[in-house]
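What follows is a short report on a single structure.
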Amino acid sequence: MAKLTMVQAINQGLKVAMESNSDVVILGEDVGRDGGVFRATEGLLDLFGGDRVADTPLSESGILGTAIGMAVYGLRPVPEIQFMGFLYPAFDQLVSQAARIRTRSTSRFSCPITLRVPYGGNVKSPELHSDSLEALIAHSPGVKIVTPSNPYDAKGLLLAAISDPDPVVFAEPLRLYRSVREEVPDGWYQIELGKAKVAREGTDVTVVAWGSLVPTCLRAAQLASQEGTSVEVVDLRTVSPIDEETILRSVTRTHRAVIVHEAPKTAGLGAEISALIAEEAILDLEAPVTRVTGYDAPFPVPVVERSYVPSDRRVLEAIRACVKF
Amino acid sequence: MAKLTMVQAINQGLKVAMESNSDVVILGEDVGRDGGVFRATEGLLDLFGGDRVADTPLSESGILGTAIGMAVYGLRPVPEIQFMGFLYPAFDQLVSQAARIRTRSTSRFSCPITLRVPYGGNVKSPELHSDSLEALIAHSPGVKIVTPSNPYDAKGLLLAAISDPDPVVFAEPLRLYRSVREEVPDGWYQIELGKAKVAREGTDVTVVAWGSLVPTCLRAAQLASQEGTSVEVVDLRTVSPIDEETILRSVTRTHRAVIVHEAPKTAGLGAEISALIAEEAILDLEAPVTRVTGYDAPFPVPVVERSYVPSDRRVLEAIRACVKF
Amino acid sequence: MVAKTRSTTKDATRRYHPIQILSPEGELLGPSPTIKDEELVKMLKFMIVGRTFDQRALSLQRQGRIGTYAPISGQEAVQVVSAMCLNDDEWMFPTYRDYAAMYVHGMPMRDLFLFPMGHPQGGRAPEDVNIYAISISIATHLPHAVGAAWASKIKGEQKAFITYHGDGATSEGDFHEAMNFAGVFQVPLVTICENNGWAISLPRERQTHSETIAQKGEAYGINSQMVDGNDVLALYQVVSESLERARTGQGPTFIEAVTYRLGPHTTADDPGRYRSQEELDEMKQKDPLVRTTKYLRGLGLLSDAEEAEMWEDAKATVSDALKEAENIAVPNQDFFFDHVYAELTPNLIKQRREFIPEEAE
Amino acid sequence: MVAKTRSTTKDATRRYHPIQILSPEGELLGPSPTIKDEELVKMLKFMIVGRTFDQRALSLQRQGRIGTYAPISGQEAVQVVSAMCLNDDEWMFPTYRDYAAMYVHGMPMRDLFLFPMGHPQGGRAPEDVNIYAISISIATHLPHAVGAAWASKIKGEQKAFITYHGDGATSEGDFHEAMNFAGVFQVPLVTICENNGWAISLPRERQTHSETIAQKGEAYGINSQMVDGNDVLALYQVVSESLERARTGQGPTFIEAVTYRLGPHTTADDPGRYRSQEELDEMKQKDPLVRTTKYLRGLGLLSDAEEAEMWEDAKATVSDALKEAENIAVPNQDFFFDHVYAELTPNLIKQRREFIPEEAE
Ligand SMILES: Cc1ncc(C[n+]2csc(CCOP(=O)(O)OP(=O)(O)O)c2C)c(N)n1
Ligand SMILES: Cc1ncc(C[n+]2csc(CCOP(=O)(O)OP(=O)(O)O)c2C)c(N)n1
Ligand SMILES: [Mg+2]
Ligand SMILES: [Mg+2]
């Protein structure tokens, strides 16, 4: 057991997966010799060779499209798309192809792909390097999406995703890649897909978040506790399918909910969760559900991005308002 | 004034737009000689010539991508994508390009495109000919989306879309193309974007729908009235940005809401509207908001599609349950 | 870097011409590849089955017994011969128009009928038949074919893969990305462009400005071929050589097979709007069935009676298959919940519980 | 259909070689195109400005005064010369690496600095400068360039358009779809592939299996050229001819300009991980600044003093621009609401009202 950053945990997860299953192959831009632009695949080419770690042409639809063929033919490909904003050109292959091979063939074929893709802003990147597309994926049946908020979860969710018989988008929160180090077990372990985790227990209000914003929410919860408010933080871990049970269990106890995400507000995943809570637990609610989100504008340039991504302060304000309602 | 089907109204709208503005050009697969696979562009090639009505190669990203360049260079292109399921390959050009030219250039450039695209099922089409993607588009800032539910609105919304300075997806409900005929004024008229219409007034429950499902909801409302329930039907017309005001005004009077759409439930536009109502009008609600939607599965094959698309019966059941709550 | 001061603009001469061995009159223009007589006869037999299926499907559609259907008439030779060159344990990645190719590779005809009937089994080959699920979205299956061929190579197999697409498909980004991967990773794939002259209403000349489609393969450094797609001998030679290259690690091949769509694009299409009767009449002269029949006659491999019997047999095969298809039960209205994920997710369990079926029409 | 029985596989001979007029030693290998002396001197001047800008930007990034930056060293010739061939009233569609091209076409250097500073004005040319907004997503701007050129043709103008992309960009579907449209609609566009040998860590040889990138143009029936991208004379000849073709209705041109990226991909990149020092040393021999300087010296157009002055002037230009850029105010934290639609939509009005700004870092 070693203290690892998230990106190191992902690297180790890939290594463990490739050691234990020779069908696991990696493909993508710069994943080989360069070890990935964030070093997530560092060292794997040397360990497993060019047949299993393939540097591909600059071609997102080609990467995902060939991965589909590989998966159908019995491999377990782990393609990488360099940033979530470059998933758009592969979007057709993701939601109209990978996600539907099973349906189209009435389960003769399946498509066990784990698509790794960094996402999220506040790291001073240029345009399209900061997008968060979880809502688009959650609205597309046949594919799952998972995002870790810490190194331990990253490895465990990654190995679960690679073991899953269906396509899973493994969304890696860019700004958490190296923000903390944490004990991560050496060998194989999995964190069950579809299960959220109560990351902090509390009684006054439930905050639901995932991936990049979980640390923000935990900090806001800490600040709130200094004001006497007890905040429960639910870390979704799997973004689709949503673990409705854990969310509803928490909210029916706290009677209040704040949902936090980085993507634009309108038709974001926060809308689904807010709707879910209002539809299933309206009689338990003592305040309207609140969303703290990115704005309905494309993710902006670096000089203002910190005002776009929900901050500790914005989450705290929402908690205060919700509790006061 | 003549009685026209929706597809004829669209055809007339295009003709009127091209007559009054020589910058309006049409491009797409089979839009020229063939007049469009649904005849929406019939006759326009002969009237306006090949420079203004261009049959393109089979290339959705190319169609939308070149339309962007045209729009930036001062034309008003009206590209057609043959079915909404084939918008996926052009999705990148739509949401990361057309929608962001203004942002990227801090308004030096704008992108006045009207992207026409038929959508929706229940017409026994093969796979990917029945998809409804309004939620994906509503979640993508910088682009608007409009859908008519009748011939009159089709022409008026189309002309408003073509006049809009920003990109607008004009989503045409396939199964309403020829389902009714209606008086449609000959000349130019516009229906303001961003404004919903109360398609039927009522007092007991508000049903929110758009495009293809408005007639279904009106029929369900009629059935409900025979049971003594007075249903108000709100036809969104513009799907993004949503006319929150009209929705909330209605729901604060009826205290009950049912939202109906054909796309899958999870993270659909219904979630946004449901969340909106619960967040803004929770104290006015006498029942949880209900959604009647497609299921979280890819749109299925023809032999079962009628069970997938919300039917009169399903909407009626939801109205009953909501009123009884 | 070599010093050059001349412009390097492409030479004006056309570099690809369709390889032809059998003239439209059924006469040899060069040496035939070695093909057993039975195989030659089988080619015609399959083509006749294809044509018969097609005619039946068209009339069924008019009667409302099947839905939208994409006819194959005129394209039987390329589909039948290429599929015959593929081994049973090798894989085919077809389009919505490759009924004859799929049939030759083992797809039950019943299931071919089920496809335009909108039945879920229509897109699905039986477990022992190596045919991929048809994607309706043009060119989307090409990267899948490349990926499967690549996987086979990684696994150390010696198999060849075949995939089909139309002339229109070459304009899609996915065609480009797939072919580029095929070249870079030297996958054992033979890609056949069935250039049938039209993509719905767009003629080949306006689909792309290149003189031939074959030359597009050069953009990927791929072995590229152009062949008369109505000539069974030329097809046999080119496709079997290309598959052999693939099996023996010599990389991918891109083949433009020049053929013609004698019917409408689909039953929803009216080709009278965009193409002339003269063109159609001219192209009918190149009908691969006529040409192959003449050739077999000339070789003495086919009598009047044998020919008639082929058509009779085909009719019976098609009728039996249709009967089977029409007797297959409509699936439960909620069957589709079972094929989204390997296991039902909680949202699907809930939705299925609340499911209200409608009558199938 | 012509009868042919030979295989039509592509010939083995390489068909494109880079046109070269000036050797790496700065000597003429053939007749120079007609260029005024002042123009030749201007080329070097602009290249020196480009190199100076680049060195400054790299050091600013190390000091944390600008963000991620994509260097241009080695690629100055192709950018400067091609941009000089473009008229002011004509349009340029650049990438994130075309700083020198943009500068030559009129972009204020201040705004070039603002781009890696993450300032919104960085992606934006002033109203009177005909440069399109930079898209970070590779190849996405190519269909836009085609569309604009097409629109210009529809409007009956006689303008030429120029667009740039890298070797890696040729693998994207949008490259393919754009070039195919360019050919089909014969738009007045010159597309320049700055083949700098690498796409981040992927060498050109593994980007695609074709011998040259130039030959990809043939897939679209487009006039295709290959040119030494470090040779100002060859570049001038090929680009100016191609632009003239565009202006006079002779259609699009695709140019592979063979050059080299002497620096890292961006300041976030470590090329030591994937390329050898030997390769870099070899390529430094082909530095376009060295070659052009030698040539001007040989012609007697450049003295020691004049050369030194050029470098001094460039330094001053760059310093002034940097000062201007650093003095530009950070925009209001909520400025981005104003550039989503022409008018604020109700949801944006509401969100702006509730907006809580953070401090800019
Ligand atoms: C991505 C996509 N765009 C559009 C369509 C609609 N469509 C179906 S077939 C077709 C033409 C295909 O032409 P070609 O590739 O030549 O094949 P053919 O039908 O002639 O066999 C079109 C445009 C589609 N199915 N998929
Ligand atoms: C669609 C997309 N995919 C990936 C990237 C990340 N990326 C930025 S530059 C680059 C390499 C580009 O190579 P090339 O086209 O040769 O241009 P160069 O950088 O060498 O000038 C990559 C992969 C991107 N910006 N856009
Ligand atoms: Mg065709
Ligand atoms: Mg490059």
- Message: Among B:R39, B:E60, B:E305, which residue has the highest count of heavy-atom pairs closer than 4.5 Å to chain C?
- Response: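 The residue among B:R39, B:E60, B:E305 with the greatest pair count is B:R39.
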- Query: In terms of heavy-atom pairs under 4.5 Å with chain C, which of B:V304, B:T56, B:D55 leads?
  - Reply: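 If we count pairs closer than 4.5 Å to chain C, B:V304 comes out on top.
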Polar side chain donor-acceptor pair, [X] to [Y], under 3.5 angstrom:
X	Y	result
B:T41	B:E80	no
C:R97	C:H165	no
C:T259	C:Q75	no
B:T5	B:Q8	yes
C:N195	C:E256	yes

Ring centroid separation [X] to [Y] under 6.0 Å:
X	Y	answer
B:Y308	B:F299	yes
C:Y99	C:F113	no
B:Y295	C:F355	yes
B:Y88	B:F83	no

Using heavy-atom distances under 4.5 Å, tell me whether [X] contacts chain B through its side chain, its backbone, both, or neither.
X	result
C:I356	both
C:N332	backbone
C:F335	side chain

- Members of residues 137-145 of chain C whose heavy atoms come closer than 4.5 Å to chain B: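 Against chain B, the residues of residues 137-145 of chain C that fall inside the cut-off (heavy atoms, under 4.5 Å) are C:S137, C:I138.
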- Check whether B:S61 gets within reach of chain C through its side chain, its backbone, both or neither, counting any heavy atom under 4.5 Å.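 Answer is neither: B:S61 stays 4.5 Å or more from chain C.
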- Task: Count the heavy-atom pairs under 4.5 Å between each of C:P116, C:G67, C:P120 and chain B, then report the option with the highest count.
- Result: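 Of C:P116, C:G67, C:P120, C:P120 has the most heavy-atom pairs under 4.5 Å with chain B.
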- Message: Which one wins on heavy-atom pair count under 4.5 Å against chain B: C:T208, C:N347, C:V330?
- Response: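 Result: the option with the highest number of such pairs is C:N347.
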- What side-chain hydrogen bond (donor to acceptor under 3.5 Å, both in side chains) pairs are there with at least one residue in residues 316-325 of chain B, not counting sequence neighbours?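 For residues 316-325 of chain B, and leaving out neighbouring residues, the side-chain hydrogen bond (donor to acceptor under 3.5 Å, both in side chains) pairs sorted by first residue read B:E227-B:R320.
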